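Each chain gets a letter, A, B and so on, in the order the sequences are listed, and its residues count up from 1. Source: prediction; values computed, not measured.
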Number of protein chains: 2
Amino acid sequence: MIIGEAAKLSGMSAKTIRYYEDIGLVTPTRDPQSGYRDYSDNDVHVLKFLHRARDLGFSVKQCRELLSLYEDRDRASSDVKAIAKSHLEDIGRKIEELQEMENTLKHLVSCCQGDDRPDCPILSGLAGKDS
Amino acid sequence: MIIGEAAKLSGMSAKTIRYYEDIGLVTPTRDPQSGYRDYSDNDVHVLKFLHRARDLGFSVKQCRELLSLYEDRDRASSDVKAIAKSHLEDIGRKIEELQEMENTLKHLVSCCQGDDRPDCPILSGLAGKDS
DNA sequence: GATAAGGGTTCCAGTAACTGGAAGGTCAAG
DNA sequence: CTTGACCTTCCAGTTACTGGAACCCTTATC
């Protein structure tokens, strides 16, 4: 099938799919007549796999690892689990960071009148004067 | 003072400080003798301001807005509050997204034995087979 | 056969916010 | 006078795409 169809089926843009080919993730065959890329059902399957993994926040590098494990029928599930757990830790850290930001900022915002006067605890807070 | 000192005092790297000059955030004077950048106390104050704002996850673009509000003695605090609230919403959205990822991934990981056998619910999950 | 629409192709540039590194100038100390 | 620790500029790389230009292929219609 041509790239537009693969895009629809996989849920990714054609741009992204071409990009994944550039970086060596999914390499379709070519129609020698037209020069168009020709995607097999399996290619689309792999594209979907990548799409889900990216949605779960795996980096492209991690996706590459997961993909090679996926295509290796003899892989140990512990290898996959290790990647996933490391990624889970990353996610956890990010959540914590964001929650800290959220708390600090909520505090500053709650202290600010938000009217047309110039006094602003948010700016004072950022400037280092304890609000 | 020279850039290294400003870096120490503000908590940012000299690289970052030069970058902030490139994009027009903080422009120090120059020592005409040496060509070295010369930072005033106020420059450092602004650098600290930026450092905190970035730490709170404000984009550089938002920092620019906050900074111009900070330097405008007649600004309305509501303008600042609007930026902060919009940023708070962004943060909230990101947290939710990450928590969804975390849930999905935790589920997959908990289903995976993590041994030396090849069966792996994580990969199956990514491949679209419901685990 | 000409043409127009709606695909496809390549390639280059831009995004965000820095960071690393090379090549070279300046300054204070010994 | 040299050494070391600063500083300077400039270019490239990072992540994962996205936008756009210029041009080719296919199909349908007139």
Side-chain angles (χ1 to χ4, degrees), chain A residues 1-40 43-44 46-47 49-67 86-87 90-91 94 97-98 101, chain B residues 1-39 43-44 46-47 49-67 87 90-91 94 97-98 101:
Chain A
M1 70 190 77
I2 63 180
I3 197 169
E5 212 177 334
K8 255 179 224 154
L9 291 177
S10 66
M12 283 190 289
S13 73
K15 276 272 184 195
T16 301
I17 295 177
R18 280 189 209 102
Y19 171 69
Y20 283 176
E21 181 180 352
D22 279 355
I23 63 174
L25 279 181
V26 180
T27 309
T29 56
R30 293 278 181 150
D31 176 358
Q33 213 69 27
S34 61
Y36 287 8
R37 290 170 176 82
D38 184 18
Y39 291 87
S40 69
D43 288 335
V44 171
V46 170
L47 288 173
F49 180 97
L50 291 171
H51 189 43
R52 285 180 211 216
R54 294 285 302 130
D55 264 4
L56 283 173
F58 286 99
S59 70
V60 166
K61 190 180 169 191
Q62 287 174 319
C63 287
R64 206 186 291 271
E65 295 174 47
L66 289 172
L67 198 53
S86 143
H87 179 42
D90 286 351
I91 292 176
K94 276 185 200 159
E97 270 180 43
L98 284 170
M101 287 183 199
Chain B
M1 71 190 75
I2 62 181
I3 197 170
E5 211 176 334
K8 256 178 223 156
L9 291 176
S10 66
M12 282 190 289
S13 73
K15 277 271 184 193
T16 301
I17 295 175
R18 281 189 208 103
Y19 172 70
Y20 283 176
E21 181 179 355
D22 280 355
I23 62 174
L25 279 180
V26 180
T27 308
T29 55
R30 293 278 181 150
D31 176 356
Q33 214 66 28
S34 62
Y36 287 8
R37 291 169 176 81
D38 184 18
Y39 290 87
D43 288 335
V44 171
V46 170
L47 288 173
F49 180 97
L50 292 170
H51 188 43
R52 286 180 210 216
R54 293 286 299 129
D55 264 5
L56 284 172
F58 287 99
S59 70
V60 165
K61 189 179 169 192
Q62 286 173 319
C63 287
R64 207 185 292 270
E65 294 174 47
L66 289 171
L67 198 54
H87 180 43
D90 287 350
I91 292 176
K94 276 184 199 160
E97 270 180 44
L98 285 171
M101 286 183 200

### Message
Angle between the end axes of the helix from C:dG1-D:dC30 to C:dG30-D:dC1, five pairs per end, to the nearest 10 degrees?
### Response
30°
For [X], what residues pass the ring pair (Phe, Tyr, Trp, His ring centres under 6.0 Å) criterion, not counting sequence neighbours?
| X | value |
| --- | --- |
| B:F58 | B:H87 |
| B:H51 | none |
| A:F49 | A:Y70 |

Rounded distance (Å) that lies between atom [atom2] of [N] and atom [atom1] of [X]:
| X | N | atom1 | atom2 | value |
| --- | --- | --- | --- | --- |
| A:Y39 | C:dG7 | OH | C1' | 14 Å |
| B:D55 | C:dC18 | CG | P | 10 Å |
| B:D90 | C:dA16 | CG | C1' | 15 Å |
| B:R18 | C:dT19 | CZ | P | 12 Å |
| B:I23 | C:dA16 | CD1 | P | 10 Å |

Nearest-0.5 Å distance that lies between atom [atom1] in [X] and atom [atom2] in [Y]:
| X | Y | atom1 | atom2 | value |
| --- | --- | --- | --- | --- |
| A:I17 | A:D43 | CD1 | CG | 10.0 Å |
| B:Y36 | B:I2 | OH | CD1 | 7.5 Å |
| A:I91 | A:L56 | CD1 | CG | 7.5 Å |
| A:E21 | A:Y39 | CD | OH | 5.0 Å |
| B:I3 | B:L47 | CD1 | CG | 8.5 Å |
| A:L66 | A:R54 | CG | CZ | 11.5 Å |

### Message
Reading DNA chain D in the 5' to 3' direction, which nucleotide is the first one with an atom under 4.0 Å from a heavy atom of chain A, and which is the last?
### Response
D:dA16 to D:dT26
### Task
Going 5' to 3' through nucleotides 22-30 of chain C, assign each nucleotide B (protein heavy atom under 4.0 Å from a base atom), S (under 4.0 Å only from sugar-phosphate atoms) or - (no protein heavy atom that close).
---BBS---
### Query
Residues from residues 56-66 of chain B sitting under 4.0 Å of DNA chain C, heavy atoms only?
B:S59, B:V60
### Query
For DNA chain D, whose closest nucleotide is more 5', that of B:R37 or that of A:Y20?
B:R37
All side chain to side chain contact (heavy atoms under 4.5 Å, CB included) counterparts of [X], not counting sequence neighbours:
| X | answer |
| --- | --- |
| B:S59 | B:K61, B:Q62 |
| B:L9 | B:M1, B:V44 |
| A:D38 | A:T29 |

### Query
Do B:V46 and B:L67 touch side chain to side chain, with heavy atoms closer than 4.5 Å?
yes
### Query
What is the minimum heavy-atom distance between A:A7 and A:S13, and which atoms define it?
CB-C, 4.2 Å
### Message
Could you report the tightest heavy-atom contact between B:L98 and A:K94, atom names first, then the distance?
### Response
CD1-CB, 3.8 Å
### Query
Between residues 1-9 of chain A and DNA chain D, which residues have a heavy-atom gap below 4.0 Å?
none
### Query
With sequence neighbours left out, which residue pairs that include part of residues 2-20 of chain A fulfil the salt bridge (charged side-chain N to carboxylate O under 4.0 Å, His left out) condition?
none
### Query
When you check the phosphate oxygens OP1 and OP2 of C:dA16, does a side-chain N or O of B:R54 lie under 4.0 Å from one of them?
no
